[in-house]
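Remember, it's 1-based here, ligands and their atoms both numbered in the order they're listed.
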Amino acid sequence: MADKRATIIRGGRLINAGEYRAEAADILIVGDSIAEIGPPGLAAPADAIVVDARDRLMHPGLVNAHMHGHGNLAKGMGDRWTLELLLAAGPWITGGRTLEDKYLTTYVGAIEMLLKGCTACYDLTVEFPLPSVEGLEACGRAYMDAGMRAVLAPMVAEFSFYEAIPGLLDVMPPALQKEVERLRLAPGDATLKAMRASMHGWKFDRARVRPAVAPTIPHHCSDDFMRSCAALAREFDVALHSHVQESKTQVIVGLKRYGKTQTAHLDDLGLLGPDFTVGHGVWLDDDDMQRLGDHGSSVAHNPGSNMRLGNGLADVRGMLERKVNVGIGTDGANCSDNLNMYESMRLASMVSKSQGPDTDRWLTTGEVLSAATEGSARALGFGDRLGRIAPGYQADIVFLDLHNVNWLPFNNAVNQLVHTEDGSAVHSVMVGGRMVVENRRVTGVDMASLARRVEAARARLEETTVPNKQLFDKVEHVVNSFCPGLAKMPYHVDRFGGGHHGHEHIAYTN
Ligand SMILES: [Zn+2]
């Protein structure tokens with residue numbers, strides 16, 4: 001039963017995204033949620049726990065709208081990789097995992113996010129060749145143990161990367177074709193059955209860790225499988241998430257396969273709705289954005305990953321104009337290579353401002369902060385209780401140390417939170433009324449012993465994935481000559497921001 005004890009936070013300054021201010025405010029918490037916010041001296045029960053927030057700026061826990069828990073043991077393993085090279089590297093950098101590894105990789109990510117002011121995430125995790133009840137339980141337990149909230153969506157598909165890109169297998173030597181056959185996924189029916197079993201026996205409080213369904217990339221799935229994923233999600237009242245129009249290669253493959261954009265195809269299949277999140281959406285055109293807006297769907301915007309993988313710069317203003325709900329994410333540590341939501345907010349602002357001199361189209365820092373809190377929370381299906389510090393909402397609160405150099409001087413709460421803060425001022429973090437980070441340490445975590453466990457896992461995985469690394473070394477040049485070729489085909493939108501990718505541009509001379 002929920003603990004109904006009261007907590008009163010006194011002396012802090014509360015950020016106001018809309019008004020760019022941070023006034024002194026006391027916050028009364030009862031149990032896990034915010035009961036009342038008022039001026040300093042707010043009345044509280046005599047036995048309330050008092051939290052001293054003097055010299056602290058309080059902001060809502062950041063919500064990571066798109067990440068991959070399995071990627072946390074792979075941070076820093078790649079550099080000059082496109083999305084397609086990352087997918088090809090997957091069996092090497094995130095393969096061969098034991099149940100303990102699945103727990104550990106998720107747990108390390110949860111610790112990182114908490115230390116960097118993030119209190120909830122949308123985790124698209126993966127198991128090969130199909131999800132398992134025990135695997136998802138291990139990931140869920142990692143979040144419960146860390147004290148963080150998560151939406152846990154197994155990333156599922158029927159076709160391997162090699163089967164999903166038309167023509168890719170054909171350009172591979174027969175011996176190599178044979179080798180990549182071992183990357184085949186389980187049949188769709190078995191995967192759907194495993195997800196159903198997992199959701200049926202879900203062990204965790206859904207207010208903390210809840211399931212979702214993530215058909216990974218549309219063309220990695222048959223239409224029947226996509227429809228079945230949607231039906232399953234709606235049967236269990238959970239959310240849907242898919243990587244849509246992330247890279248230009250994907251866009252071209254989608255057009256070849258469906259004769260229309262992936263978004264238009266998903267609309268025809270009945271997937272779009274308020275429960276649906278597009279991961280990335282870099283290459284959405286105006287019609288795609290309109291469809292998503294009309295359905296009340298979300299986009300998880302991951303600017304760091306989009307730049308790191310050479311996918312381009314998303315048009316977030318275009319999405320907002322068409323009433324798409326926009327959340328912000330880090331993407332996996334295997335491709336961005338951290339889970340720092342402050343950095344993602346800063347990049348979201350920079351990416352929008354780097355696309356041209358029309359300042360009306362730029363995101364404001366207030367819009368960015370709203371996306372990383374309320375927008376992401378809505379994408380997670382937690383829109384009614386996370387993402388705001390307001391009565392009735394869960395008490396997920398980050399306390400920044402205003403004596404940290406990032407806040408010397410304190411000029412503007414919202415501009416500085418988005419453009420200056422990098423996570424180093426995070427002093428403490430509260431989730432559901434309970435402090436999970438205090439004085440820059442996650443409560444109950446011995447970092448030295450965690451480091452030993454992680455290093456042991458890393459060393460073992462380095463050995464057990466040698467065959468997968470060797471396979472990647474063989475396919476790397478094939479993938480990296482074939483896929484960029486697709487990405488050079490003309491398309492009516494350009495998210496490469498001009499410059500040296502000049503193929504789509506008309507020469508303009510006087
Ligand atoms: Zn992703």
Could you check whether E321 pairs with R361 (Lys NZ or Arg NE/NH1/NH2 to Asp/Glu carboxylate O, under 4.0 Å)? yes
Main-chain N/O of E246 paired to Q250 side chain as donor or acceptor, under 3.5 Å:
yes
The atom of H66 among N, O or S that is nearest the Zn ion (ligand 1) is NE2
The Zn ion (ligand 1) reached by C335 (N, O or S, under 2.8 Å): no
Charged N-O contact under 4.0 Å between D337 and R308: yes
Legend entry - H280 near the Zn ion (ligand 1): N/O/S under 2.8 Å: no
ang(OD1 D331, the Zn ion (ligand 1), NE2 H243) rounded to 10° is 170°
Contacts of F159 meeting ring pair (Phe, Tyr, Trp, His ring centres under 6.0 Å) (sequence neighbours excluded), chain-then-number -> none
